[in-house]
Amino acid sequence: MDEHIFDKLTESQKKAVFHKDGPLLVLAGPGSGKTRVITYRIAALVESGVPAYSICAITFTNKAAEEMRNRCSSLFMASRSSHPGFRNNAHVSTFHSLCVRILRQYGEKTGLNPNFTIFDTADQAKCMRQAVIDCQLDTANFSPARMLEAVSALKNKLVDPESFKQQAYDFFNTKLSEIYHRYQQIMTEFNALDFDDLLVKTAFLLRDFPDVREELGNRFRYLLIDEYQDTNHAQYQIARHIVSSHNNICATGDPDQSIYRWRGADIRNILAFEQDWPDAVIVKLEENFRSTPNILAPADRLIAHNLHRKSKILIPTKERGNDIIIETCEDEIDEAANVAGRITELVKRGLSLRNIAVFYRINSMSRILEETFIKNKIPYQIVRGVEFYNRKEIRDMLGYLKVLVNPADQVALLRIINTPARGIGKTTIDKVQNFAAKNRITLYDAFRDAGKIDEISAATKAKIAVFIKLLENLKKDIEGPVAPVVERIFRESGLAADIKEEETLDNIEELVNAAAAFDKQADKPTLLDYLQQVSLFSDADVYDAEADRVALMTLHCAKGLEFDAVFIIGLEEGLLPHERSTENSDDIEEERRLFFVGITRAREELFISLSQYRTIRGQLMRTIPSQFLYELGIESRCTEKPEEKNTGNCLDDGDYVKYTHPAFADGQLVRHKSFGLGRVKEFIDMGEDSIVVVHFNTGQTKSLLVKYANLSIP
DNA sequence: CATAGCCGCCTTTTT
DNA sequence: GGCGGCTATG
């Protein structure tokens, strides 16, 4: 490989890229080239004689993995010496994909059937519902979603049902431990794993089987982990086990960009790296190559408001650019129109749509944008959760495939048993389920033996027999490439005949295309591999960065991406920070990091907006500007909007707004020196003279001038 | 047993 | 506002 490939790296980047063996932590701010360091480090390792197949790189999303694989191969393409097979040999994937691989190979040691299905949130909810009912509890008090959240938190900390039972001290936790236990039982019966199980089972496998640990350590001599700040405890343990024999771990991350605490991400992983690996070399990347100083400085001021944080320097390398523009709009419709107008303007100035993105806090905010963009003929793509694989026809189709591969998957079986309608209704299913429970067999086997169930009429038995026959026939030819199998099953299952709308058909076609793409990249495609991969696929992975369309996505999805122009909308209390995160300061800090991540995606232009009114759940609400706006520390001029119609869209009728006074949200807890604790009843936004009405615990209600009241947030 | 329509539930972020 | 589950009706 030509030496000059590495020439464009900075000195500190080189230090990380050419680091020899042993633990290495790359602490780096946004836009400093972390991911680039990993890619080049893979190249440098191979260059120094390390076989590519002994390198394992972990990324946060499948999309990032795909990109890294591509970048690696183009790096090698650019070099004079070729490294054939490199692309296929280095393992680049997410933690979850790696775990599937490990479990498929070694899982049987723990009694795991390798044909397992991976359950998504909807499947999980069905099982959890059953678990709660089986524990004789009410799904109203123990809502399945809540229970799943609690169980997930336990799994992320690697707490199994048995050890949790030991530490469950009160009523709720005792019940939770029963539910957790039952839920895992059900999952085992169905031969299914949820997302968390993939990590948990792998971590325990590595913990309990030194031979597996050793084999994996030999297989992967180098482990590189990107976005280390967002790893959870289970992932941390897996990483530790893999490198236990050689300590060749390289992690990159930025504590200020940790935005997945709610999902179990443990920021301590990155903070304690030096304690975990005392001989670790730390490389800091402090230069930012992405954003203009006009964007970086406010981002820096914002994040400085986080108290639980090691401060670090962000050195801009770009020339001065345009200031951030903050705009106050009438309502969300006005806000969307404003974004559309701005985008039209940017395009006129020569920016291409693929370099523009709009970020928001919650998915539901995309709807108005979508409608507005259609009206204004602005091409866009929404990078959104699960969407595609959540469609009914897709789930039905996958249901058939799953049952064929894993007949124990009862959730899938129940889905397809009467889809399309074949005269097997609830009553019959109940009878068969009872039979299955009584004889301790799977539901699938119970259906196969339905002839033995007396309560079922002969006519229904015949229908069941037809169904079972259908499945056996479908199963006959499922070897080889997946796409033809999907197509055949679509026809023969009767789903095809049942389709009424054009769009549904298009979706199925897209599924077949996805299967064809899978066939193409797999050495030896199997239906099982396909299903296990499809379950890990999501929204962000479908995002096409090459397409000339504006990208719309949540702030969480924006991680790792960058654009010339960025819009962040909905800077309102309750939305950003989100109301569910306003209870404790740790949550607020995470919201602030989220905003920080959004801001630092912008290369040149950044537009931030808020609406004075917003319709939430059908109710028109007056909003309060987000506290984060003040924390940017900018004096913001409300500029004219492109399609100018002066309707008092700017605070204080337009001219000059200085974001210095704090805003209070309704219901917010505050403390006053003499009145003590109270809750905000109302906040009247009048700039410097804003009034806050507080109902104090003493029973009194007071209207206070914010600038004199000196309220603190407890 | 199938279907339609209604009611009540939840609604942050995602692998 | 959207979905899942339940009920009433054919």
Side-chain angles (χ1 to χ4, degrees), chain A residues 58-65 93-100 118-122 124-126 129 139-140 143-146 148-149 152 155-156 193-200 227 230-232 234-235 258-265 359-368 383-387 389-392 415 417-431 456-457 459-460 463 532-541 553-560 570 574-583 587 590-591 593-595 597-598 615-619:
Chain A
I58 303 288
T59 56
F60 195 70
T61 63
N62 289 305
K63 183 77 197 170
S93 79
T94 61
F95 259 112
H96 287 85
S97 297
L98 175 68
C99 289
V100 169
I118 300 168
F119 271 10
D120 64 17
T121 323
Q124 285 184 61
K126 289 215 166 81
R129 182 172 207 89
T139 51
S143 94
R146 267 275 159 76
L148 276 177
E149 215 172 282
S152 175
K155 287 184 179 176
N156 285 326
L193 301 182
D194 63 26
F195 292 126
D196 300 317
D197 286 334
L198 293 174
L199 302 175
V200 173
E227 309 278 15
D230 278 322
T231 50
N232 63 31
Q235 291 166 329
S258 158
I259 54 175
Y260 282 91
R261 209 177 65 103
W262 55 273
R263 208 176 80 186
F359 305 152
Y360 35 82
R361 178 63 177 82
I362 57 177
N363 280 307
S364 62
M365 290 168 76
S366 68
R367 234 191 67 245
I368 300 287
V383 183
R384 178 177 13 191
V386 286
E387 189 66 358
Y389 290 98
N390 249 348
R391 292 197 157 93
K392 184 186 175 302
R415 178 164 198 103
I417 187 90
N418 205 25
T419 315
R422 52 174 66 88
I424 305 173
K426 192 177 178 320
T427 334
T428 309
I429 294 172
D430 280 347
K431 287 173 189 163
I456 296 178
S457 70
T460 310
K463 288 173 186 165
Q532 290 181 341
Q533 190 181 305
V534 145
S535 311
L536 295 178
F537 241 76
S538 78
D539 52 328
D541 307 320
M553 64 187 87
T554 63
L555 285 158
H556 283 90
C557 279
K559 176 189 178 112
L575 212 46
L576 186 62
H578 194 271
E579 60 178 335
R580 299 260 292 236
S581 312
T582 47
E583 267 155 40
D587 287 344
E590 175 141 319
E591 295 285 306
R593 289 194 291 270
L594 194 54
F595 187 32
V597 166
T615 307
I616 297 165
R617 265 169 273 163
Q619 281 264 306

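Convention: sequence-line order gives letters A, B, ...; per-chain numbering from 1. Here the structure is a predicted model, which means the values were calculated and not measured.
- If you measure from atom NZ of Lys155(A) to atom C1' of dT14(B), you get 16 Å, rounded to the nearest angstrom.
- Between Ser143(A) and Phe60(A), the residue anchored nearer the 5' end of DNA chain B, judged by the nucleotide with its closest heavy atom, is Ser143(A).
- Proximity of Arg580(A) to the phosphate of dT13(B): no side-chain N or O atom is located under 4.0 Å from OP1 or OP2.
- If you take NZ of Lys559(A) and C1' of dT15(B), they are 12 Å apart, rounded to a whole angstrom.
- What separates CD of Glu591(A) from P of dT13(B) is a distance of 11 Å, to the nearest Å.
- With sequence neighbours excluded, the residues that form a side chain to side chain contact (heavy atoms under 4.5 Å, CB included) with Val597(A) are Gln257(A), Ile259(A), Arg601(A).
- Taking side-chain N and O atoms only, Asn363(A) has a distance below 4.0 Å to OP1 or OP2 of dT14(B).
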Measure all distances between protein nitrogen or oxygen atoms and nitrogen or oxygen atoms of nucleotides 1-9 of chain B, and list the pairs falling under 3.5 Å.
{"residue": "dC1(B)", "atom": "OP1", "partner": "Thr428(A)", "partner atom": "OG1", "Å": "2.2"}
{"residue": "dC1(B)", "atom": "OP2", "partner": "Thr427(A)", "partner atom": "OG1", "Å": "2.6"}
{"residue": "dA2(B)", "atom": "OP1", "partner": "Gly423(A)", "partner atom": "N", "Å": "2.7"}
{"residue": "dA2(B)", "atom": "OP2", "partner": "Asn418(A)", "partner atom": "ND2", "Å": "3.3"}

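- dT13(B) sits 16 Å from dG4(C) when the P atoms are compared, rounded to a whole Å.
- Atom CZ of Phe359(A) and atom P of dT13(B) are 16 Å apart (whole Å).
- Summarising the geometry, the separation between CG on Asn62(A) and P on dT15(B) is reported as 8 Å, rounded to the nearest angstrom.
- In this pair, Trp262(A) lays its aromatic ring flat on the base of dT13(B), centres within 5.5 Å and planes under 30 degrees apart.
- The backbone N or O of Arg261(A) lies less than 3.5 Å from a partner atom in the side chain of Glu590(A), making a donor-acceptor pair.
- Counting non-hydrogen atoms under 4.0 angstrom, Phe95(A) reaches nothing in the nucleic acid.
- The two residues Thr61(A) and Thr94(A) come nearest to each other via the heavy atoms C-CG2, 3.3 Å.
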- [ ] Tell me, with the steps shown, if Asp194(A) and Lys155(A) meet salt bridge (Lys or Arg N to Asp or Glu O under 4.0 Å).
- [x] CA-CA 10 Å; Asp194(A) 63 26; Lys155(A) 287 184 179 176; 2.7 Å; yes

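- Between Tyr260(A) and His556(A), the two ring planes are perpendicular [angle over 60°; tilted spans 30° to 60°].
- Aromatic rings from Trp262(A) and His578(A) are positioned such that their centres are separated by 6.0 Å or more.
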TODO: Might you work through the side-chain hydrogen bond (donor to acceptor under 3.5 Å, both in side chains) test for Asn363(A) and Thr554(A), ending with a clear yes or no?
DONE: CA-CA 6 Å; Asn363(A) 280 307; Thr554(A) 63; 5.0 Å; no

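- When the side-chain nitrogen and oxygen atoms of Ser97(A) are compared with OP1 and OP2 of dT15(B), none of them lie within a distance under 4.0 Å.
- Atom CZ in Phe195(A) sits about 12 Å away from atom P in dT14(B), given to the nearest Å.
- The CE atom of Met365(A) sits 18 Å away from the P atom of dT11(B) (whole-angstrom rounding).
- A straight line from NE2 of His578(A) to C1' of dT14(B) spans 15 Å, rounded to a whole angstrom.
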